[in-house]
Structure formats: C-alpha cells, structure tokens
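What follows is a set of notes on a single structure, which appears directly below.
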Amino acid sequence: MTTKSVNGSDGHAFVYADVTDSTATFPAPAGSHYQSPYYSVWTPLYQYWLPAGDPCQWLWLIYVYDRATNKLINGDPSVGVIYFRTKNTLCASGSRTPVGMPVFNDAQAQLSLDLQVSLSPSQPLAGSPASLIASLSSRLRNDMNIYLSMAITDWAVDRWGVDFGDGTVATVTDQRGDYLSLPHTYVSAGSYDPRVTAYISGHAQAAVYNSYGSPYLVTRRFTVQVSNSTRAQPGRQALKAYLAPRITAAVAPVIDGSGLAPANVAFQQVDALRGTLTDFFIHPLILREGYITLDGRAAGSGHTILTAWRYTGPPSDAPPSVATVAGTLHQANDPMRLQWNQPDALAGGTGRDYDVPLILYVRTTYPDGHVADFTFSSTFSVTVNFAAQNG
C-alpha cells in the first residue's frame, strides 16, 4: 500500500492511495475444510427503477443463515438497498454471482482539495478593517470492492498559515474546519497578494480479504498542503473633514407662568411688555447645517440640536429671586427670564431696544455617526414700548 501527496500552491492539491495484492483469492472458497457456522444464499435483484440502457441492471442480495438452525441472521438485504459505484465498477449479470467474477489486484482512492481565497470587502480602504476568507472543498473517490478495497477514511485541517502580503503573518489553530475568516487592516494603499495555506492530515486504509472472507486492514497516515492567494488593492482613504454649522439665536417669548411657547415658532427680534417678567425660550436658528466633505466635496449634512445656553448680559429689572443671572449654564429647555421697566411715561412713549447676548451650546451628528459639540456667541433683540405696557 502506498500514499502520495501532491501539494498545491494554486488552490488545488491531491492525495492518492493505492493498494496492490497479486495473491488475492476468492473469499470463502468451496470445500468441506472451509466449513463455517454460517452459510449464504445469493439472490439476483433486477433494478427496474434504473433508466433504460443502464449497464448495471443487476444486484445480488446476500442472505446469511445460521447453519445449525437455518435462521436468517442478517435481516432482509432487499430493504434499503445501497449501491456503490466505484472506479472499478464491474456490472453483475443475472446469471452468475459476483464471487465468480474476476478478481481485481489493485484498488485506488483519491482525495481532491480545492481552496478558494477572497477578501471582503473586495476593495477595502486603507486603514479600514477587511476580512481574509478561505473556503476549502473536497471530492473523494474510494474503491470498495469485494476482494480488495482502498479508502481515505478521514482528513482534517490541522492549522492555517496566513501571509497578508504586507509583512504580517499569522498561524491559526482555533479554526480547524473547512472555513477561515480572519480580520486585517491594511495601513497603506497599494497592491498586496495575501496567501492562505491549509495544513491537512488524514488516514488512508486498505482492506485485503483472505480466503475466509476476513479483512486484513492496512492504515497509512498522510499530510498534504494546499494554498491559494488573492489580490488586495486597498484604496486611499478620502480626506474627510467635518464642517461646523452656522447658528444664531432665536426666541419665543411668553409671559412668565403662562405656559410653554410654540415649539417651532421663534424670532430674532421680539416685543415685550414693560414691567412684565417674560420667559424667552431659546431656539437655534440654523443658517447652514454642519456637513461632511470628502476630498473637499460635500458628502452629507448633519443634524444639529441645542444642548445648553448661557446668558452673558447685564442684570435686568426682573425680581432677583426669579431673574436669569449671567454666567449660569442652563439646559436647552429652560426659559430665560428677563424684565425691563424702561421706557416709562416720562420718556414720551418712545420704544426702547435691548440686545440680549448669550452663548449657544449645540451638538451636531454627522451622517457617519460622528458627533461634535460647538459653541456660538449670539444675540437676539427685544423691543419694549411704553404703549405696550401692562397698565
């Protein structure tokens, strides 16, 4: 018995096993000195279900009986017929049992291995993770004959060797099936040839039957390597920039205690009642939304929300217990509470404008999930007229 392994670097490898026995004889030859406790009856079976013209229309069913009791001991072989087509297929006839046919002096088995290697994504970007994938498939042909058999009984991947082509290598022993997936990041753009090698071992086994029909088993261990490569061409990462939004302040005023202002109505200039505590709800007026650029070109707009605000102006005429104090950080939904007691009647009823300075704190979420916080100094204008006083 011999085995021969043909390693392959182009994705294909083979293992050949061969057994030769020039002295093979018919099992259980006739003669009184070969008497055993059992005897067999061979019955031909015509395979009517095979297509017309099939060269192997006959099978022989073997019924084994106890010689002392004539009791069938192997069950009915006509139930669940299994028919193996092998390399040395010899079609039986309906008039002569297979044991009366010529003996084959040799038998062969062959294991064919195919390794496919790919990259996912197929064109990654430098600096972004990719997966090197290897998939191993096989085809097996065994000779299972009456007198002489050759089979490859088992094989498995012992380890994987990986060369990513950029100077990084790895040995993987915890993925021993027929599939490998390994993450890798190419730092620089370019062209690389990652290669995966599967190191495989297994056993081939021959069965030679003696004149009594008993098999003599011969086992040989084999090793084989199959490798393949793919082309990796990671591209240059586009130069990405996050541009800030342009924001100014707008407000929705309501008399203190009268409730919340409309959510979507806000102005940069509003009127207020003289001598009346007023709640100003702050809104960010987005003049231009923040956006991403790739190599200088716009590649998607973000979404900006107000997270907090801070009043930076002088004290107003509001009662100290409720007035908004400069420098205090407030949540986005908190109102700014201000009051002005000027102008009065002595001013002749002319209006008076107040500029209200504040700092806006906003957060922009970009299309790729990046989040950035910004601050903006802004003002809004309030006009207080004597004619608009509350009495």
Side-chain angles (χ1 to χ4, degrees), residues 7-13 113-137 157-200 225-247 284 286-308 360-376:
N7 298 328
S9 59
D10 59 352
H12 307 288
L113 298 164
D114 296 289
L115 181 64
Q116 299 292 327
V117 178
S118 62
L119 198 65
S120 178
S122 58
Q123 292 184 322
L125 294 175
S128 296
S131 293
L132 186 62
I133 297 171
S135 179
L136 184 65
S137 60
V157 176
D158 296 324
R159 71 184 190 279
W160 300 89
V162 181
D163 184 345
F164 291 99
D166 60 353
T168 305
V169 296
T171 298
V172 181
T173 59
D174 59 353
Q175 298 186 47
R176 296 192 178 184
D178 56 6
Y179 182 84
L180 172 72
S181 179
L182 205 59
H184 185 67
T185 299
Y186 288 98
V187 177
S188 303
S191 182
Y192 307 92
D193 294 308
R195 176 170 290 274
V196 177
T197 302
Y199 297 87
I200 299 163
Q225 301 174 20
V226 58
S227 68
N228 208 348
S229 64
T230 188
R231 179 59 57 88
Q233 294 180 307
R236 180 184 64 85
Q237 286 272 18
L239 182 61
K240 182 184 292 188
Y242 298 94
L243 274 69
R246 290 173 53 196
I247 304 290
I286 301 174
L287 306 178
R288 187 200 65 200
E289 187 57 270
Y291 63 97
I292 296 177
T293 63
L294 297 176
D295 289 336
R297 292 176 293 182
S301 295
H303 177 67
T304 301
I305 61 171
L306 180 70
T307 60
L360 301 176
Y361 299 84
V362 301
R363 176 167 296 167
T364 301
T365 302
Y366 293 87
D368 62 353
H370 177 74
V371 176
D373 294 319
F374 303 98
T375 60
F376 295 91

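None of the values given here were measured: they were computed from a predicted structure. Every heavy atom of this structure was used, including side-chain atoms; hydrogens, water molecules and symmetry mates were not.
- Scanning for side chain to side chain contact (heavy atoms under 4.5 Å, CB included) contacts around Ile286 gives Ile247, Glu289, Thr304, with sequence neighbours left out.
- The two residues Pro234 and Ser188 make their nearest non-hydrogen contact at CG-O, 3.7 Å.
- Annotation: side chain of Ile305 is not in contact with side chain of Pro284 (no heavy-atom distance under 4.5 Å).
- With contacts defined as side-chain heavy-atom distances shorter than 4.5 Å, the pair Ser181/Ser131 qualifies.
- Taking every heavy atom of both residues into account, Val226 and Ala13 meet most closely at CB-CB, 3.6 Å.
- Gly290 and Pro245 get closest at one heavy-atom pair: N-CB, 3.4 Å.
- Closest approach of Val157 to Gly177, counting heavy atoms only: CG2-O, 3.6 Å.
- Counting heavy atoms from C-beta outward, Thr293 and Leu243 have side chains that approach closer than 4.5 Å.
- A distance of 8.0 Å separates CD1 in Ile292 from NE2 in His370, rounded to the nearest 0.5 Å.
- Between His184 and Leu132 the shortest side-chain heavy-atom distance does not fall below 4.5 Å.
- A 4.5 Å side-chain heavy-atom check between Ser9 and Arg195 finds at least one atom pair inside the cut-off.
- Residues His303 and Thr364 fail the side-chain proximity criterion, which asks for heavy atoms closer than 4.5 Å.
- Nearest heavy atoms, Ala126 versus Ala189: CB-N, 3.5 Å.
- The line from OH of Tyr242 to OH of Tyr291 is 14.0 Å long, rounded to the nearest 0.5 Å.
- Note that NZ of Lys240 is 4.0 Å distant from CG of Asp368, once rounded to the nearest 0.5 Å.
- Among Ile200, Val196, Asn228, Leu180, the single residue meeting the side-chain contact (heavy atoms from CB on, under 4.5 Å) criterion with Leu136 is Ile200.
- To the nearest 0.5 Å, atom CD of residue Gln225 and atom CG of residue Leu115 are 12.0 Å apart.
- Heavy atoms from other residues, nucleotides or ligands lying under 6.0 Å from CD of Gln123 number 12 at most.
- No hydrogens or angles considered: nothing links the side chains of Thr171 and Arg159 as a donor-acceptor pair under 3.5 Å.
- Between Ser227 and Thr197 the shortest heavy-atom distance is CB-OG1, 3.2 Å.
- For His12, the side chain to side chain donor-acceptor pair (under 3.5 Å) criterion is met by Asp114, not counting sequence neighbours.
- Put simply, CD on Gln233 and OH on Tyr192 are 11.0 Å apart, with the number rounded to the nearest 0.5 Å.
- In this structure, Phe374 and Phe376 have tilted ring planes: the angle between them lies in the 30° to 60° band.
- Of the inter-residue distances, the one linking Tyr186 atom OH with Thr168 atom OG1 reads 8.0 Å to the nearest 0.5 angstrom.
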